[in-house]
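This one's a predicted model, so the numbers in the text were calculated from it and none came from an experiment.
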Amino acid sequence: MPGRVIALDVGDVRIGVAVSDPTGTIAQPLEVYRRVGYGPDSRYVLTLCERYGTQNVLLGLPLNMDGSAGAQAQKAMDFGAVLEKAGLRIFYQDERMTTVTAESVLIGGNVRREDRKRYVDKLAATVILEQWLASESRRKEE
């Protein structure tokens with residue numbers, strides 16, 4: 001288990017951010033970052049990692065429903081390569097259906113439609129992180 005992890009739900013316009021606790025057990029939503037470009041975006045992630053004392057970054061990998069990697073997955077891997085070159089340790093988690101799950105949680109919480117956009121990306125990052133932490137925990141038990 002790598003300890004604290006920053007999770008990113010990387011989109012073309014926004015990046016949802018979640019962070020785990022230092023033990024790598026609990027995930028919590030953090031913020032939504034508006035993308036500018038690879039340089040500023042990677043510096044933002046480096047700043048987050050410094051703030052939380054980690055080099056572990058989990059990227060959601062938006063695979064197609066058949067499990068293949070399409071254009072969006074390639075964009076996430078390209079961003080991951082930029083972060084890796086900056087010295088961060090990169091992990092990937094299949095993120096299929098996480099935005100749908102996040103939307104369902106917000107709808108269940110009676111969050112108004114116009115307000116959901118502010119929360120859905122960081123909540124999706126939290127779901128990605130929770131799934132990854134659970135799978136890491138199961139691997140540890142084996």
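For the pair Ile6 and Cys49, the tightest heavy-atom approach, listed with the atom from each and the gap, is CG1-SG, 4.2 Å. Residues Ala125 and Ala7 come closest through the heavy atom pair O-CB, 3.8 Å. Considering every non-hydrogen atom in both Ile128 and Leu8, the closest pair reads CD1-O, 4.5 Å. Taking all atoms of both residues into account, the shortest heavy-atom contact from Leu58 to Trp132 is CD2-CB, 3.4 Å. The two residues Ala76 and Gly60 come nearest to each other via the heavy atoms CB-O, 3.7 Å.
You'll find the side chain of Arg14 stays beyond 4.5 Å of the side chain of Asp9, heavy atoms only.
Here Gln93 contributes atom CD and Leu133 contributes atom CG; the two are 9.0 Å apart, rounded to the nearest 0.5 Å. The structure places CZ of Arg43 at 14.0 Å from CG of Leu48, a figure rounded to the nearest 0.5 Å. For the atom pair CE of Met77 and CD of Gln72, the computed distance is 11.0 Å after rounding to the nearest 0.5 Å. Note that the OG1 atom of Thr126 and the CD atom of Gln131 stand 11.0 Å from one another [nearest 0.5 Å]. Atom CD1 of Ile26 sits about 10.0 Å away from atom CD of Glu130, to the nearest 0.5 Å.
The side chain to side chain contact (heavy atoms under 4.5 Å, CB included) test applied to Gln28 returns Val19, not counting sequence neighbours. Partners of Tyr52 according to the side-chain hydrogen bond (donor to acceptor under 3.5 Å, both in side chains) rule, which considers only residues two or more places apart in sequence or in another chain, do not exist here.
At least one donor-acceptor pair under 3.5 Å links the side chain of Arg4 to the backbone N or O of Ser20. No donor-acceptor pair closer than 3.5 Å links the side chain of Asn56 to the backbone N or O of Arg89. In terms of modelled atom types and a separation under 3.5 Å, the side chain of Arg35 and the main chain of Asp41 share no donor-acceptor contact.
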Report all side-chain donor-acceptor pairs from residues 79-88 shorter than 3.5 Å, counting only partners two or more places apart or in another chain.
none

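Under the 4.5 Å side-chain contact rule for hydrophobic residues, Leu46 and Val36 share a cluster.
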When you look at Asp12 and Lys75, which way does the side chain to side chain contact (heavy atoms under 4.5 Å, CB included) test go after all the steps? CA-CA 9 Å; Asp12 289 330; Lys75 287 179 184 179; 3.1 Å; yes

